[in-house]
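Inspection log for the structure reproduced underneath, given as structure tokens.
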Amino acid sequence: VSGTGVVSVTNAPTGTGTTPVTQAVTSSAASSVVNTTATLNGVYNTAGACPTTIEKGFVYSVKALNDNPIVDGDDVIKRTVALGSTGAYAVALTGLTPSTQYTFKAYVYNGATYTYGAATDFTTLAVASKLVFSVAPPTSGTVSTNLTSFTVQAQRPNNTVDTEYNTAIALTRTIVSGAASLTGTTTVTPTSGVATFTAVQFNGTGVYKISAGSGVLTATPASANITVTSAPVSLAAWNFSATMMNGAPPTPVTNANVTVGALTRGSAVTTSGTNYTREWGGYGWSTSTNLTTAANAGSFLSFTIKANANYLLSLNNIPAYDFYSSNTGPGSGQWQYSINGGAFTNVGATLTFASSGVNSFNAIDLSSVAALQDLPSTTTVTFRIVGYDSGSTTSGTFAFYDSTGSTAADFSVVGNIVATPVVNLSVSSNTASEASPEIITVTATANAPVSGAQTVNVSVSGTNITAG
């Protein structure tokens, strides 16, 4: 070596000065999988460096066509997602085929290499095949009044709801008896596979069934019978604004198809006290604390009601009303009814009266009393209110009362009155012989809905015929 002892070396470095980092991604389970949509999920675990990750996304395919999807593979669809930072990411798919198994992978790309997560499968759900009442229609209704709401579900074969189903669902009615039409909003487009019917009515009385169909799916089985009745009406109403305590009772305003007996005082009730206005009742009420003893003694006020000929009577309720009792009048009361003069039955709760003054009482339900429904004109119902437990004296008052002084009804009875069905029978033929046998058809035609089992007696007579 010669020179001064100093060596000059020139070196040209290469590279970026950055340590290489391998990109990484993971496939996660698909979510929100239904018939034609699903969400693919993945995790961008590590951003690549040297080279840098520039893209992420998913590849997927129908598994039967390609069970190992990669970018540009056969039957493979690629969906990219904005790169962003590392962490979970997703993409929503639409237009999938129902009841089909798919496979997918999450991927990242650095301009040179695709890195994939594991192949992950999901299966889209089946489409609806049938309609089912998820909330059944009610078993009763009132003419021209919305039925209680009910719902229809579009269900898959496994009985789950097809939340993607949105084809309109329409109702139809089957007649058991009657001739009413189904009206209102009878066609509804389902929301998330469920159609809710809130405005459906029948425009006449009768017994019907409801079914739901779409023209595509299997229709619902028919509902249970729906008995449709007329809206209850006032059958008898009394106003006491011009009545005196000890005088004659007011004449009730009655429905044209019922007969109502006058308000009557029991044998124990007297008219010996002050003749107050806007009241009707009396004095002499039983001091007994026993209801039966008081009733047997005649300590009551009563009236009767019955259907006129060719009508049926059903009692619905006694609306809220006011009664007046003085401090020496009855402390308790009880409504009772009797059918055709038979034994009396309590109806409604026992009434408790204030020491003195007006007592307001809630309505009494009669619709649930079977003995007070569908009564023919041969049935008379007697109602009475028994006053008892008046303490040590019988001098107190107990009376129907008009609190407002108006001409509005102060006491009434509400129910339904309908024409008795008339059934006419006809036969296709009334003669036959051994040489010329005949199939005879008996047809029954009714002018109003007929419910329950009906019996037709047919007699046969002729030469050498023995009745069977």
Side-chain angles (χ1 to χ4, degrees), residues 234-255 258 260-286 291 294-295 297-305 315-338 344 346-366 381-390 394-415:
S234 177
L235 301 172
W238 290 263
N239 174 262
F240 301 97
S241 62
T243 304
M244 305 297 290
M245 167 69 84
N246 300 329
T251 300
V253 176
T254 64
N255 182 281
V258 299
V260 179
L263 285 169
T264 302
R265 298 178 177 93
S267 59
V269 182
T270 69
T271 55
S272 58
T274 303
N275 200 18
Y276 296 106
T277 60
R278 291 167 40 197
E279 299 182 35
W280 186 86
Y283 302 83
W285 300 93
S286 175
L291 170 62
S299 186
F300 58 80
L301 304 174
S302 67
F303 66 92
T304 61
I305 185 170
L315 299 174
N316 186 272
N317 72 91
I318 294 174
Y321 61 98
D322 291 337
F323 236 77
Y324 189 93
S325 178
S326 67
N327 57 7
T328 55
S332 300
Q334 178 66 59
W335 279 101
Q336 299 179 320
Y337 71 88
S338 168
F344 278 87
N346 292 348
V347 63
T350 299
L351 308 176
T352 300
F353 294 89
S355 59
S356 180
V358 179
N359 300 265
S360 296
F361 295 107
N362 295 327
I364 302 172
D365 175 45
L366 305 176
V381 181
T382 300
F383 283 101
R384 70 184 183 187
I385 182 170
V386 181
Y388 62 104
D389 191 17
S390 64
T394 61
S395 63
T397 61
F398 185 65
F400 290 98
Y401 184 66
D402 177 8
S403 297
T404 63
S406 73
T407 57
D410 299 308
F411 180 79
S412 60
V413 178
V414 172

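We count residues from 1, following the sequence as given. As the structure is a computational prediction, the values presented were derived from the model and not from experiment.
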Original post:
Within a reach of under 6.0 Å around CG of N362, are more than 12 heavy atoms found that belong to other residues, nucleotides or ligands?
Top reply: no
Rounding to 0.5 Å, atoms OH (Y276) and OH (Y401) come to a distance of 11.0 Å
query = Are any side-chain N or O atoms of D389 and backbone N or O atoms of P330, one a donor and one an acceptor, separated by less than 3.5 Å?
reply = no
Distance col, row N275:CG vs M245:CE, nearest 0.5 angstrom, shows 8.0 Å
Margin query: Does S302 form a side chain to side chain contact (heavy atoms under 4.5 Å, CB included) with L263? I'd like the steps, not just the answer.
Written below: CA-CA 6 Å; S302 67; L263 285 169; over 6 Å; no
Does the side chain of S403 pick up a donor-acceptor pair with the side chain of D322 at under 3.5 Å? yes
One should read off an interatomic distance between Y388 OH and S332 OG, to the nearest 0.5 angstrom, of 4.5 Å
Do V413 and F303 touch side chain to side chain, with heavy atoms closer than 4.5 Å? yes
Rounded to the nearest 0.5 angstrom, the CG-CD1 distance for L351 and I364 is 6.5 Å
Q: Answer yes or no for R384 and F344: cation-pi contact, defined as NZ/CZ to six-membered ring centre under 6.0 Å and angle to ring axis within 45°.
A: yes
* To do: Examine distances only and state if a side-chain atom of N317 and a backbone atom of L366 form a donor-acceptor pair shorter than 3.5 Å.
  => no
Smallest heavy-atom separation, A237 atom then A409 atom, equals CB-CB, 3.8 Å
Applying side chain to side chain contact (heavy atoms under 4.5 Å, CB included) to L301 and R265, what does each step give before you reach the verdict? CA-CA 5 Å; L301 304 174; R265 298 178 177 93; 4.0 Å; yes
On a heavy-atom basis, the closest approach of P319 and V414 is CG-CG2, 3.7 Å
Can you tell if the side chain of F361 reaches within under 4.5 Å of the side chain of F323, non-hydrogen atoms only?
-> yes
R278 to F240 six-membered ring, cation-pi geometry met (6.0 Å, 45°)
no
Could you go through W285 and T397, starting from their C-alpha distance and side-chain angles, then the distance that decides it, and tell me whether this counts as side chain to side chain contact (heavy atoms under 4.5 Å, CB included)? CA-CA 8 Å; W285 300 93; T397 61; 5.8 Å; no
**Message:** A side-chain contact here means heavy atoms from C-beta on lying under 4.5 Å apart; do L291 and V386 qualify?
**Reply:** yes
May I ask you to decide if G357's main-chain N or O and N359's side chain share a donor-acceptor pair within less than 3.5 Å?
yes
- request: With the side chain counted from C-beta on, respond yes when M244 and T277 share a heavy-atom pair under 4.5 Å apart, and no when they do not.
  value: yes
So do L235 and L315 actually touch side chain to side chain, heavy atoms under 4.5 Å? yes
Between S234 and S412, the two heavy atoms sitting closest are OG-CB, 4.5 Å
With a 4.5 Å heavy-atom cut-off, do Y321 and D410 have their side chains touching?
no
Worksheet entry | Criterion ring pair (Phe, Tyr, Trp, His ring centres under 6.0 Å) on Y324 and F353, from CA distance to verdict | CA-CA 8 Å; Y324 189 93; F353 294 89; over 10 Å; no
Between the CZ atom in F300 and the OG1 atom in T264, the distance rounded to the nearest 0.5 Å is 8.5 Å
Correct closest heavy-atom pair for Y283 and S272 would be CD1-N, 4.1 Å
- request: Evaluate the side-chain proximity of S390 to S286: yes if any heavy-atom separation is below 4.5 Å, no if none is.
  value: no
What I'd like to find out is whether the side chain of F400 reaches to under 4.5 Å of the side chain of N239, using heavy atoms alone. no
Under 3.5 Å, side-chain donor or acceptor atoms of residues 246-254 against the rest of the protein: list the pairs with distances, not counting sequence neighbours.
unit_1	atom_1	unit_2	atom_2	d
N246	ND2	T271	O	3.4
N246	ND2	G273	O	2.8

- Query: Would you call the rings of F383 and W335 parallel, tilted or perpendicular, where under 30° means parallel and over 60° means perpendicular?
  - Reply: perpendicular
Shortest non-hydrogen pair, V260 vs A236, comes out as CG2-CB, 3.7 Å
inquiry  = Pair W238, W280 - check side chain to side chain contact (heavy atoms under 4.5 Å, CB included), show working.
reply    = CA-CA 11 Å; W238 290 263; W280 186 86; over 6 Å; no
- Query: Would you say the side-chain atoms of Q334 pair up with the backbone N or O of G348, donor to acceptor, closer than 3.5 Å?
  - Reply: yes
Residues passing the side-chain hydrogen bond (donor to acceptor under 3.5 Å, both in side chains) test with Y337, sequence neighbours excluded, are none
Practice problem: Report yes or no: does T382 contribute a side-chain atom to a donor-acceptor pair with the main-chain N or O of S338 at less than 3.5 Å? | Solution: no
